[in-house]
Amino acid sequence: MAKRYWLFKSEPSVYSIDDLRDDKDSTTHWDGVRNYTARNLLRDEIQKGDGVLFYHSSCAEPGAVGVATVTRAGYPDPTQFDPKAKYHDPKSKPDNPRWFVVDVTFDKAFKNPVTLKAMRETPGLEDMALLRRGNRLSVQPVTPAEWKIITKQGGRAR
DNA sequence: GCCAACGTTGGC
DNA sequence: GCCAACGTTGGC
């Protein structure tokens, strides 16, 4: 399958691109997604080797702040079975897991983060899923053309 | 803090 | 299956 591209949202006060870079092996399980549309992408669509735009939401300057790579395709989110975990789901059973994660590994932080505001003003990004009214999906697709524009604007690692 | 836009839940 | 109530997201 051809490489595809995605945008993952995270609140930087909870987990930022720097947290990913500094994590063990610069890798994390993208856990806690509890939305069925996003779940379907994590479980069925997102493949090892795909590109991820790391997006900071609910902060002073929302925007794409860097790039990561999917290093493991979908598998059950372990936090759903942990009664002490914030994202515990008592209705999910190990033999029929409801929620999935992928692993992502840090690639680079943009020298120039591409803000939401900039995306709205950039020709070629008009149809981005992110910019559609009321799109709150925390995991969403990015087209190759959009990926190219944003990674070019973001620049090399800082 | 406000509020629009959804997604989820649960009674019926 | 409908739909009102409620909760969450996330920009501003």
Side-chain angles (χ1 to χ4, degrees), chain A residues 4-23 28-46 50-68 70 73-104 106-143 145-147 149-155 158:
Chain A
R4 290 196 284 175
Y5 302 98
W6 311 95
L7 181 146
F8 284 18
K9 293 182 188 172
S10 185
E11 299 184 25
S13 60
V14 177
Y15 192 82
S16 71
I17 184 91
D18 291 339
D19 291 328
L20 176 60
R21 182 194 56 209
D22 297 340
D23 230 329
T28 194
H29 325 291
W30 202 265
D31 62 18
V33 173
R34 295 294 181 268
N35 168 286
Y36 286 103
T37 305
R39 187 283 306 271
N40 292 344
L41 295 177
L42 292 169
R43 186 187 61 186
D44 305 329
E45 302 292 334
I46 301 176
D50 284 357
V52 172
L53 280 176
F54 200 113
Y55 180 89
H56 282 174
S57 66
S58 293
C59 57
E61 284 256 283
V65 294
V67 171
V70 176
Y75 61 99
D77 183 342
T79 68
Q80 69 194 310
F81 305 124
D82 178 358
K84 295 190 296 292
K86 179 182 177 188
Y87 294 110
H88 177 230
D89 183 348
K91 288 187 267 187
S92 183
K93 301 295 176 231
D95 60 354
N96 185 22
R98 180 176 294 184
W99 307 113
F100 285 73
V101 295
V102 300
D103 287 357
V104 297
F106 176 84
D107 184 2
K108 66 175 180 178
F110 287 148
K111 184 179 177 189
N112 311 302
V114 183
T115 64
L116 178 62
K117 184 166 174 289
M119 290 187 211
R120 288 213 170 94
E121 295 167 352
T122 300
L125 300 183
E126 297 88 352
D127 297 328
M128 264 191 93
L130 178 73
L131 305 183
R132 279 206 290 272
R133 236 156 72 91
N135 189 340
R136 300 173 307 167
L137 257 192
S138 63
V139 171
Q140 49 183 271
V142 173
T143 68
E146 292 160 355
W147 173 272
I149 291 170
I150 291 170
T151 53
K152 188 178 176 189
Q153 275 193 20
R158 66 176 174 235

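So you know, we letter chains A, B, ... as the sequences are listed, proteins then strands, and number each from 1.
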message: Applying side chain to side chain donor-acceptor pair (under 3.5 Å) as the test, list every pair that has at least one member in residues 79-89 of chain A; sequence neighbours left out.
response: Arg34(A)-Thr79(A), Asp77(A)-Thr79(A), Gln80(A)-Ser92(A), Asp89(A)-Arg98(A), Asp89(A)-Trp99(A)
task: Check the pair Asn112(A) / Gln153(A) against side chain to side chain contact (heavy atoms under 4.5 Å, CB included), numbers first and verdict last.
output: CA-CA 7 Å; Asn112(A) 311 302; Gln153(A) 275 193 20; over 6 Å; no
Atom-pair distance (CZ on Arg98(A); C1' on dG7(B)), nearest Å: 14 Å
task: Mind calculating the distance between CH2 (Trp99(A)) and C1' (dG7(B)) to the nearest angstrom?
output: 10 Å
message: If you define the side chain from C-beta out and look only at heavy atoms, does anything of Asp103(A) sit under 4.5 Å from Trp30(A)?
response: no
message: List the residues meeting side chain to side chain contact (heavy atoms under 4.5 Å, CB included) with Lys117(A), not counting sequence neighbours, and say none if there are none.
response: Thr115(A), Glu121(A)
Please tabulate, one pair per line, each protein N/O and nucleotide N/O from nucleotides 8-11 of chain C that are separated by under 3.5 Å, including the distance.
from    : atom 1 : to        : atom 2 : distance (Å)
dT8(C)  : O2     : Arg136(A) : NH1    : 2.7
dG10(C) : OP1    : Lys9(A)   : NZ     : 2.9
dG10(C) : OP1    : Arg136(A) : O      : 2.7
dG11(C) : OP1    : Tyr55(A)  : OH     : 2.8
dG11(C) : OP2    : Ser58(A)  : N      : 2.9

- request: Could you check if a side-chain atom of Ile150(A) sits within less than 4.5 angstrom of a side-chain atom of Met128(A), using non-hydrogen atoms only?
  value: yes
